[in-house]
Protein chains: 2
Amino acid sequence: MARRNTLQQQAIRTAIESAGRPLSVQEIHDLASEDAPGLGLRTVYRVVNRLLDDGIIAPVIVPGQQDRYELARIAAKHHHHFRCERCDRVFDVHACPSGLQKLVPDGFVMTDHTIVLHGRCAECI
Amino acid sequence: MARRNTLQQQAIRTAIESAGRPLSVQEIHDLASEDAPGLGLRTVYRVVNRLLDDGIIAPVIVPGQQDRYELARIAAKHHHHFRCERCDRVFDVHACPSGLQKLVPDGFVMTDHTIVLHGRCAECI
DNA sequence: ATACTATTGGCAATTCATTGTCAATAGCGG
DNA sequence: CCGCTATTGACAATGAATTGCCAATAGTAT
């Protein structure tokens, strides 16, 4: 039978779409639980995996942290991340420095790069 | 009683000092086993933790990988890393791009940053 | 050389994120 | 409104990295 449009899935999608930043499974669970009381962590994992399979969201990997997820259409645009060391939230940074090619050792070939800025977000100053 | 100077600890320190790049526990075990046959993984964990406590080595965290370790005196010098997507080794990059401050969102304060370049190392071209 | 004990290494146990299982629940077509 | 079954959620189970435990080993002071 066809997909069903459930309260839980709506809450999870809404959380991811309205956050404006990459969310961990725990963060998704916390936010979506407001719209879907009693939401199970198991369900968040299930829905996140389905959204990944469907290509709707993409993983954001930050060193030393569990994976986070953001909308694929945002992830598709090259960007980087800022992690607040106080509240542990991760924010998008839609800019990219120049001159990275100069860092590459002789004989090496760079195909991609990731940058994570660390510090305090505006709310945690 | 005082510290003892064992073959295993020597082999582990030598591996870390001569590698010239951050090593994972597995890599340390593989390299040090040449000097200390039968070296147990348990011992590598123990010695690595002691070296961390003593401030002799420092962790290097790379997205989606297990922790690696390098000499603290090298880690103290600001630098970045290059991860080869074929052999999975991580190399030091002793340079840093300018203009990162421009990436910081308004109201945020950046205290540090990490950059990981991805691609092929000279041996894996 | 001897005795003392720091260190080692095999294996079990832990930790933590993630997944399997399955009975109960709740969309949705008819 | 009914019935079918996709979905949910509690719990157990898994996987992978790390640590606890403890008898055996091996530095080192005397």
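Excluded from the calculations below are hydrogen atoms, water molecules and symmetry mates; all remaining heavy atoms, backbone and side chain alike, are included. Per chain, numbering begins at 1; letters A, B, ... match sequence-line order. Everything numeric in this text was worked out from a predicted model, so none of it was measured.
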Exercise for the section: Report yes or no: is there a donor-acceptor pair, N or O only, under 3.5 Å between the side chain of A/Arg42 and the base of C/dT18? Expected result: no

Problem - Partners passing side chain to side chain contact (heavy atoms under 4.5 Å, CB included) against B/Glu123 (at least two apart in sequence or in another chain) - result: B/Arg89, B/Cys121

Practice task
Can you sort out the partners of B/His81 under ring-ring contact (aromatic ring centres under 6.0 Å, His included), two or more places apart, ordered by chain and number?
Solution key: B/His79

Handout entry: Counterpart residues, side chain to side chain contact (heavy atoms under 4.5 Å, CB included), relative to B/Ala75 (two or more places apart)
Key = B/Ala58, B/Glu70

Practice task
For A/Arg3 and D/dC4, give me the distance from atom CZ to atom C1', rounded to whole Å.
Solution key: 18 Å

Problem - Transitive ILVMFWY cluster of B/Leu103, excluding itself - 4.5 Å side-chain cut-off - result: A/Phe82, A/Phe91, A/Val93, A/Leu100, A/Leu103, A/Val104, A/Phe108, A/Met110, A/Ile115, A/Leu117, B/Phe82, B/Phe91, B/Val93, B/Leu100, B/Val104, B/Phe108, B/Met110, B/Ile115, B/Leu117

Handout entry: Options C/dG9, D/dT8, D/dT28, nucleotide nearest the side-chain atoms of B/Leu39
Key = C/dG9

Handout entry: Members of residues 24-31 of chain A that approach DNA chain C, where some heavy atom sits under 4.0 Å away
Key = none

Problem - Residues that B/Gln10 engages under side chain to side chain contact (heavy atoms under 4.5 Å, CB included), provided they are two or more places apart - result: B/Asn5

Practice task
Give the rounded distance in Å between these two atoms: CD of B/Gln10 and C1' of C/dT7.
Solution key: 14 Å

Practice task
Each residue besides B/Ile56 in its hydrophobic cluster should be listed here, by chain and number; the cluster joins Ile, Leu, Val, Met, Phe, Trp and Tyr at side-chain heavy-atom distances under 4.5 Å.
Solution key: B/Ile12, B/Ile16, B/Leu23, B/Val25, B/Ile28, B/Leu31, B/Leu39, B/Leu41, B/Val44, B/Tyr45, B/Val47, B/Val48, B/Leu51, B/Leu52, B/Ile57, B/Tyr69, B/Leu71, B/Ile74

Practice task
Return the set of residues passing ring-ring contact (aromatic ring centres under 6.0 Å, His included) with A/His118 (not counting sequence neighbours), or none when no residue passes.
Solution key: none

Exercise for the section: Mark yes or no for whether B/Thr6, through its side chain, and B/Gln9, through its backbone, hold a donor-acceptor pair below 3.5 Å. Expected result: yes

Fill in the blank from the handout: note: A/Arg68, atom CZ; C/dT18, atom P; distance rounded to Å ~ 12 Å

Practice task
Mind checking A/Leu41 for me? I need base, sugar-phosphate or nothing, with any heavy atom below 4.0 Å counting as a touch.
Solution key: nothing

Practice task
Identify, with sequence neighbours excluded, every residue that meets side-chain hydrogen bond (donor to acceptor under 3.5 Å, both in side chains) alongside A/Gln26.
Solution key: none

Exercise for the section: Specify the separation, in whole Å, of atom CG of A/Asp35 and atom P of D/dT8. Expected result: 15 Å

Exercise for the section: Ignoring backbone atoms, establish whether A/Thr6 has a side-chain N or O less than 4.0 Å from OP1 or OP2 of D/dA6. Expected result: no

Handout entry: Estimated bend of the helix from C/dA1-D/dT30 to C/dG30-D/dC1 (axis per five terminal pairs, rounded to 10 degrees)
Key = 40°

Exercise for the section: Quick one: label A/Leu7 by what it contacts on the DNA or RNA (base, sugar-phosphate, nothing), any heavy atom closer than 4.0 Å. Expected result: nothing

Exercise for the section: Would you indicate, yes or no, if C/dT18 has its OP1 or OP2 atom less than 4.0 angstrom from a side-chain nitrogen or oxygen of A/Gln66? Expected result: yes

Practice task
In whole angstrom, give the distance that lies between atom CG of A/Asp53 and atom P of C/dT19.
Solution key: 11 Å

Exercise for the section: Applying side chain to side chain contact (heavy atoms under 4.5 Å, CB included), name anything that partners B/Cys96, two or more places apart in sequence or on another chain. Expected result: B/His78, B/His80, B/His113

Handout entry: Whole angstrom value for the distance that separates P of D/dT25 from CD of B/Gln9
Key = 19 Å

Problem - Test: A/Asp54 and A/Arg3 ion pair at under 4.0 Å - result: yes

Handout entry: Protein-nucleotide distance (B/Asp67, atom CG; C/dT15, atom P), rounded to Å
Key = 19 Å

Completion exercise
Note: contacts of residues 43-50 of chain B with DNA chain D (heavy atom, under 4.0 Å) are B/Tyr45, B/Arg46, B/Asn49

Practice task
Please confirm whether the backbone N or O of B/Glu27 pairs with a side-chain atom of B/Ser24, one donor and one acceptor, at under 3.5 Å?
Solution key: yes

Handout entry: A/Gln8 side chain near C/dA26 phosphate (N/O to OP1/OP2, under 4.0 Å)
Key = no

